[in-house]
Amino acid sequence: MKTLQVSIFGAAALAIAFSAGAQDYRGQAINMMKQDFHAKGIAGIDRLNEDALQLVCNRSGNNPPKGVAERLQQDQFEAIKYPADGKFLGDWKAGEKIAQRGRGMTWKDKAGKTSRGEPNGGSCYNCHQIGAATTSFGTIGNSLLHFGKIRGYGADTQKYVYGKIYNAKAFNLCSNMPRFGHSGTLTETQIKDLVALLLDPNSPVNK
Amino acid sequence: MNQTRRDVLRAGGGASLFALLAASGMLRPGAALAADWNQKAFEAKNVKDALDALGAGNPASSNDIVMIAPEIAENGAVVPIAATSKIPGTESITILIAKNPTALAASFDIPSGTEAAVSTRVKLAQTTDVHVLVKAQGKYYMTKKEVKVTIGGCGG
Amino acid sequence: MSSIKLRVFVALSGLALACAAQAQQAAAPKKAAAQAKNAASGSKSAIAAEFEKFRGIMEDASPAELFEVKGEELWKTKRGPKNASLEKCDLGLGPGVLKGAYVKLPRYFADAGQMMDAERRIVYCMVTLQGFNEKDLAKQPFSKGRHVPDPVALVTYVAGQSRGMKIAVPQKHAKEREAYKVGETIFNYRAGAWDFSCASCHGEDGKRIRTQDLPNLSSKQGAIAAFQGWPGYRMTGGLMHTLQWRMNDCFRQQRFPEPGYASQTIANLLTYMGVNANGHVYKGPGIKR
Amino acid sequence: MADPMRIRATAKDGGVNVKVLMAHDMETGQRKDGAGKPIPAHFIQHVSATWQGKVVLSAIWGPAIAKNPFLEFNFKGGKKGEKVQITWTDNKGDKRTDEATIN
């Protein structure tokens, strides 16, 4: 995973914002994990290392000081790679499959694909209501049913949704949602397909 | 006489004891029949073929058979089924599962002195009718209930 | 694979696929939706009540008891290079005291100088009393296919000896209080490919993944729900699993590297969860979906 | 060798309630292993229960009985201290008998 650099300003602010308590449970916890965990398959031991964003969210209980959050959010936003062709809408049918698939990126999976050789899934239904036909949806994320119908199908919305899936943290620093593009979980084509699932007027999500 | 039959007889104390019991009427014909693993019945792909193989023909529907099974099974791999027959002279209780790859699940012989009631747990491949067949005084009776099989969710 | 075949496969198969259902739905969204709709035709609470009723019927004669029987035999049999039984193993209440030991674990053990949960302590006893090699025990520590690791049966036996007793994970020793805090920190530590921590799924009330309710382990009620039913017999696959397995598979789904078997990290996490569940009556080894 | 059964035989109302758990895979023969090879069928075919030398229940089973099978039934006449034996035989000829005292 890429690590984003914290600016000198950010690092200084962090040092002020979080002075260590009497006992360093955090340091103990990290040392313990580094001692106890081992790499397995594609899940390297480096996954235990926090990047700047994870560090800030961890140290602040997911509630960082405003200045730090804005600065880091901006870094995340600037690192989003939008499609070179300027098009955001893919195939909603392919998007539905990606949304349903919950596999990928664990130590049982392979680089860039699942243990069964399929492209990584987005696990979207695990947390979100999306299409009305699937009633077995999770509730960690908000409902996306009728997403386009409610929000409109415009180019700005398409770009926003693409960016949100690529890197949710560019919009809400300590969001629960993974950074699917940034982490290399989903490809540009896959993200476009998911955008279509939410924003193609013909997608069942908008029926 | 096949291998499995002999094993069961040995468990009962040997062939000579079996002959003695059979002669004295202590082992009824039903019990001896159940000792045979009815391959044809167990290979039947649907309830009708299984009933034919069991020699049960077209059993009469009966309200005197009580089946306790879930409306919706939490997991098709382990579904509790309890069957009780209030029909006098019940000799056997048989469980059949319509939409499993093979329909016959189990058949229990009920000797006199044993209550005509058994509980077990079965596998259901999908949402299906579960049938309980009872043989009493040479006649066959049946009841059925649908059990839905759900899916979804990571376990634990 | 067609949806029907896949369903037959999963239902009859009993393969322990952690997220089998999801894969199923991925392969057959339409069918899955139809099934879910079917299942939802009653009210949600009616279904929950139905599940509970038949869970109760199964808990009355739980297949977990078979593993208690097996574990008891293992506990009392002289085994290992030192040809010793585990009857002198001290689970925290003195050598050989089993009654109520499980509900007071994890705890700090002065002899080892470390925090230990039930499985970690049993492995420690197997190594120190019986002479087994710790690395060998860690090779295949989870139930799979026909393989039932000895510590799994032993934990089930030991847990059964606390049936009906109150959960009372100690916080007397400074190390025990420290373990709670460190465990809490690990619980909330976000990292890895998807920025997940334990709390991403288990930090809020009333959430679920797909149809699976997620206990909020930072709350008393959620921690009780999680302590209860482990070690558990999973109907899917018909395998007996302990909390070591549960923690391992959670970290897998968290997209983390693999935690060491019976490691300090797990003992600290289980301290956090166990203390949060204190005061509630433990029902003994249970049944899981 | 097969693992032991768990048998509970409880005297009540002039009869005996018997609950049995058996350790058995109950393989259907329809599953495949990780390498795609079919796993051969392996399941209990016969179960019998005896008390004082009398058969109090006998059954024939197919592979649709759930893994680690459960069986419950009631018979009349048993008293505390007497014994109930359960025997199962599977399709590979493996066999196991366990005994419990009625209490």
Side-chain angles (χ1 to χ4, degrees), chain A residues 1 23 25-26 28-30 32-33 35-41 43-51 53-54 57-58 61-62 96-97 100-103 105-108 114 116 118 121 123 125-127 131-140 169 174-180 183-185, chain C residues 18-19 21-23 25-30 32-40 178 180-197 199-201 203-204 206-214 249 251-261 263-266 268:
Chain A
M1 197 200 291
Q23 194 164 0
Y25 297 121
R26 192 181 128 78
Q28 274 180 274
I30 292 171
M32 193 178 283
M33 283 190 279
Q35 194 183 322
D36 285 345
F37 282 71
H38 52 260
K40 186 167 182 178
I45 198 73
D46 59 317
R47 288 194 183 186
L48 286 177
N49 297 332
E50 303 156 291
D51 69 8
L53 177 148
Q54 291 165 341
C57 294
N58 284 340
N62 295 315
E96 169 71 11
K97 283 192 187 125
Q100 291 281 359
R101 192 177 302 140
R103 290 170 188 270
M105 302 297 278
T106 77
W107 69 59
K108 281 188 184 170
T114 71
R116 301 168 173 193
E118 304 158 320
S123 297
Y125 279 100
N126 278 10
C127 297
T134 297
T135 54
S136 59
F137 54 84
T139 58
I140 295 174
K169 271 76 172 182
C174 298
S175 160
N176 265 330
M177 182 165 152
R179 296 170 276 178
F180 288 103
S183 64
T185 304
Chain C
C19 274
Q22 266 166 275
Q25 288 177 326
K30 266 189 202 151
Q35 282 277 322
K37 225 177 210 172
N38 237 353
E178 180 183 290
Y180 179 90
K181 286 289 186 188
V182 172
E184 182 179 31
T185 309
I186 295 171
F187 181 81
N188 288 298
Y189 184 81
R190 302 178 71 173
W194 285 12
D195 313 320
F196 282 167
S197 68
S200 301
C201 289
E204 272 185 83
K207 298 289 182 187
R208 46 172 228 254
I209 284 181
R210 291 280 187 172
T211 54
Q212 189 77 37
D213 290 328
L214 300 164
D249 205 56
F251 276 118
R252 182 181 68 79
Q253 292 175 309
Q254 208 174 308
R255 273 74 186 175
F256 266 44
E258 187 175 42
Y261 169 66
S263 60
Q264 278 198 85
T265 297
I266 307 285
N268 280 253

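Quick note on labels: first sequence line is chain A, next is B, and so on, each numbered from 1.
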Q. How about C:D195 and A:Q54: does a side-chain donor come under 3.5 Å of a side-chain acceptor?
A.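 A pair is found: one side chain offers a donor N or O, the other an acceptor, under 3.5 Å apart.
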Q) If you tally heavy-atom pairs under 4.5 Å against chain A, which of C:Q254, C:E178, C:E258, C:E184 wins? A)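 The residue among C:Q254, C:E178, C:E258, C:E184 with the greatest pair count is C:E258.
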Where on [X] is there a heavy atom nearer than 4.5 Å to chain C: the side chain, the backbone, both, or neither?
X: A:T114; value: neither
X: A:N58; value: side chain
X: A:Q35; value: side chain

Q.
Suppose we screen for disulfide (SG to SG under 2.5 Å). Which residues come up paired with A:C57, at least two apart in sequence or across chains?
A.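 A:C57: disulfide (SG to SG under 2.5 Å) contacts with A:C174.
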Q) Can you find a pair of side-chain heavy atoms, one from A:S136 and one from C:T211, that are under 4.5 Å apart? A)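 The answer is yes; the side chains approach within 4.5 Å.
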Rounded distance [0.5 Å steps], [atom1] in [X] versus [atom2] in [Y]:
X: A:R103; Y: C:Q253; atom1: CZ; atom2: CD; value: 10.0 Å
X: A:D36; Y: C:I266; atom1: CG; atom2: CD1; value: 8.0 Å
X: C:N268; Y: A:M32; atom1: CG; atom2: CE; value: 4.0 Å

Q) Minimum heavy-atom separation for C:V182 to A:A29, with atom names? A)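 Shortest heavy-atom contact: CG1-CA, 3.8 Å.
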Q.
For A:G44 versus C:P257, what's the shortest heavy-atom pair and its separation?
A.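 Closest approach of A:G44 to C:P257: O-CG, 3.6 Å.
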Q. Of C:E204, C:R208, C:R210, which meets side chain to side chain contact (heavy atoms under 4.5 Å, CB included) against A:T139?
A.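 Going through C:E204, C:R208, C:R210 one by one, the side chain to side chain contact (heavy atoms under 4.5 Å, CB included) with A:T139 is satisfied by C:R208 alone.
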Q) Between C:R190 and A:E50, is a side chain to side chain contact (heavy atoms under 4.5 Å, CB included) present by the stated rule, with each step listed? A) CA-CA 7 Å; C:R190 302 178 71 173; A:E50 303 156 291; over 6 Å; no
(Q) Between A:N126 and C:I209 (side chain of the first, backbone of the second, donor and acceptor by atom type, cut-off under 3.5 Å), is there such a pair? (A)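 Flag not set: sc A:N126 to bb C:I209 has no pair under 3.5 Å.
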**Q.** Donor-acceptor contact present, side-chain C:Y189 to main-chain A:L48, <3.5 Å
**A.**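 Between the backbone of A:L48 and the side chain of C:Y189 there is a qualifying donor-acceptor contact (under 3.5 Å).
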Q: Please lay out, stage by stage, how C:N188 and A:N62 fare under the test side chain to side chain contact (heavy atoms under 4.5 Å, CB included).
A: CA-CA 10 Å; C:N188 288 298; A:N62 295 315; over 6 Å; no
(Q) Quick check: C:W194 with A:F180 (ring centres under 6.0 Å apart)? (A)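 They qualify: ring centres under 6.0 Å apart.
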(Q) What part of C:F196 gets within 4.5 angstrom of chain A, counting heavy atoms only: side chain, backbone, both, or neither? (A)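 Looking at C:F196, just its side chain touches chain A.
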Q: Check the pair A:K40, C:R252 against side chain to side chain contact (heavy atoms under 4.5 Å, CB included), reporting the backbone distance first and the verdict last.
A: CA-CA 10 Å; A:K40 186 167 182 178; C:R252 182 181 68 79; over 6 Å; no
Q: Just give me the residue among A:H38, A:Q28, A:M105 that pairs up with chain C most often, heavy atom to heavy atom, under 4.5 Å.
A: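 Option with the greatest count: A:H38.
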Q) Passes side chain to side chain contact (heavy atoms under 4.5 Å, CB included), C:F256 versus A:R47? Steps please. A) CA-CA 6 Å; C:F256 266 44; A:R47 288 194 183 186; 5.9 Å; no
